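Input: a single structure, listed below in structure tokens.
The structure displayed is predicted, hence computed values, not measured ones. Side-chain atoms are counted along with the backbone in the values below, which use heavy atoms only and exclude waters and symmetry mates.
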Amino acid sequence: MNPDFAIVLNFKTTGDFDADFLVKTARNIGARAVMSSDPATFKEACEKYTIFLADEQAGLDLASVNVIDTMVNNRKNGEATIINIPVNDGKFDEATQKLLDTINSWMHQFGHAFNEGKPSPLTVSDGFILENRHADYQKYVFLKDIPAKIVVEGLDKEPNRVEWIEHRTELDFAMKDGKLTINLIKPDDVFDWNVLRIQAHRLEDDIIHTEF
């Protein structure tokens, strides 16, 4: 399965349901793949919303209180999270809707880093690091807690920019003896897991803006 499919929704349907609505829901919360025991019913909607229709596998029964921890810990290990989504007569029960809302809120902020991140050889004093599999000049630090500072080791050069992904709030940093020290301030909103981006210097950063 494509490694960018960090979340897969496994729809467990009983009774009548609207596949278009279910696939659109998956798309809207940042999932890039779905599965079902009745895949033919989902084929058209998956093509419409550019969502991958995966062969059904065993999924996890998760709740809003543990879904983000489970997703992040799986991604830390380079694995996807298959989440069972019960659908009864086309509707989600209250617990399932809360689960989806929790995923949506977190993925709205960090979905790009989460979906496209892969394990990184860099080390950090707190949390862990993923790097963008399509643009390795971007590294992502996932933090459960927010200490006063963190130290990242393994970078070849001082980065061009360090920021919270949320609202792109810049963070102060300094690099010495191969160690990047980042001073942290709390972001505007604190989530179960918070993510900052380390962006390396790129050639295009040297282009001088001119006006004619």
Between Leu155 and Leu180, which heavy-atom pair has the shortest distance, and what is it? CD1-CD2, 3.6 Å
In sequence, state the C-alpha distance, the side-chain angles, and the governing distance for Arg133 and Glu116, and then conclude on salt bridge (charged side-chain N to carboxylate O under 4.0 Å, His left out). CA-CA 6 Å; Arg133 75 179 69 253; Glu116 302 189 5; over 6 Å; no
Nearest 0.5 angstrom please: Glu158 CD to Lys176 NZ, how far? 13.0 Å
Can you name the closest pair of heavy atoms from Asp4 and Arg75 and give their distance? CA-NH2, 3.9 Å
How about Lys98: does its NZ atom have over 12 heavy atoms from other parts shown lying under 6.0 Å from it? no
Once rounded to the nearest 0.5 Å, what's the spacing between atom CD1 of Ile68 and atom CG of Leu99? 8.5 Å
Report yes or no: do Phe11 and Leu53 belong to one cluster of Ile/Leu/Val/Met/Phe/Trp/Tyr joined by side chain heavy-atom distances under 4.5 Å? yes
Specify the closest pair of heavy atoms between Phe17 and Asp38, including all atoms of both residues, with the distance to one decimal. CZ-OD2, 4.3 Å
So, Lys48 and Glu44, do they make that salt bridge, N to O below 4.0 Å? no
For Ile82, is there any backbone N or O sitting under 3.5 Å from a side-chain donor or acceptor partner on Gln57? no
Heavy atoms of Phe21 and Gly90 approach each other most closely as CE2-O, 4.2 Å
Atom NZ of residue position Lys24 - does it have more than 12 heavy atoms of other residues, nucleotides or ligands inside 6.0 Å? no
Look up atom NZ in Lys186 and atom CH2 in Trp164, then write down how far apart they are to the nearest 0.5 Å. 10.0 Å
Supply the atom-to-atom distance Met35 CE to Phe52 CZ, rounded to the nearest 0.5 angstrom. 8.5 Å
Are the side chains of Leu122 and Ile198 in touch, meaning some heavy atoms are under 4.5 Å apart? no
If you measure from CD1 on Ile103 to OG1 on Thr25, what distance do you get to the nearest 0.5 Å? 11.5 Å
Is there a side-chain contact between Pro159 and Met175 (heavy atoms, below 4.5 Å)? yes
Check for me, please, whether Val190 and Val195 land in the same ILVMFWY cluster - side-chain distances under 4.5 Å, paths through other members count. no
Taking the side chain as every heavy atom from C-beta outward, state whether Thr181 and Val151 have any atom pair closer than 4.5 Å. yes
Cluster question for you: counting only ILVMFWY and a side-chain heavy-atom cut-off of under 4.5 Å, with indirect links fine, are Leu184 and Ile165 together? no
Electrostatic pair Lys144:Asp69 at N-O distance under 4.0 angstrom: yes
Are Phe128 and Met71 joined in one hydrophobic group, where the rule is that I, L, V, M, F, W and Y side chains link up if heavy atoms are under 4.5 Å apart? yes
Heavy-atom side-chain proximity of Ile85 to Leu22 below 4.5 angstrom: no
Which atom of Thr41 lies closest to which atom of Ala19, heavy atoms considered: O-CB, 3.4 Å
What one should report as the nearest heavy-atom pair of Gln97 and Phe92 is OE1-CD1, 3.5 Å
So, does Ser120 use its side chain to make a donor-acceptor pair with the main chain of Ile129 at under 3.5 Å? no
Pair Tyr140 + Phe110: ring centers closer than 6.0 Å: no
Minimum side-chain heavy-atom gap Glu166-Asp188 below 4.5 Å: yes
Evaluate side chain to side chain contact (heavy atoms under 4.5 Å, CB included) for Ser64 paired with Asp101, printing each intermediate quantity in order. CA-CA 8 Å; Ser64 59; Asp101 290 344; over 6 Å; no
Any side-chain heavy atom of Phe142 within less than 4.5 Å of one from Val72? yes
Spacing of CD1 belonging to Ile83 relative to CD1 belonging to Ile29, to within rounding of 0.5 Å: 7.0 Å
Is Ile185 reachable from Ile146 through a run of I, L, V, M, F, W or Y residues, each pair having side-chain heavy atoms under 4.5 Å apart? yes
Using the six-membered ring wherever Trp is involved, compare the ring planes of Trp106 and Phe114 and label them parallel, tilted or perpendicular (cut-offs 30° and 60°). perpendicular
Would the number of heavy atoms belonging to other residues, nucleotides or ligands and lying under 6.0 Å from CG of Asp16 be above 12? no
So, Asn10 versus Asn84: side-chain donor-acceptor pair below 3.5 Å or not? yes
Could you check whether any side-chain heavy atom of Ile7 comes within less than 4.5 Å of a side-chain heavy atom of Met107, counting everything from C-beta outward? yes
I would like to know whether Arg197 and Arg161 meet side chain to side chain contact (heavy atoms under 4.5 Å, CB included); could you show each step before the answer? CA-CA 8 Å; Arg197 174 170 42 229; Arg161 181 183 176 94; over 6 Å; no
Mind checking whether Leu196 and Ile150 have side chains closer than 4.5 Å, heavy atoms only? yes
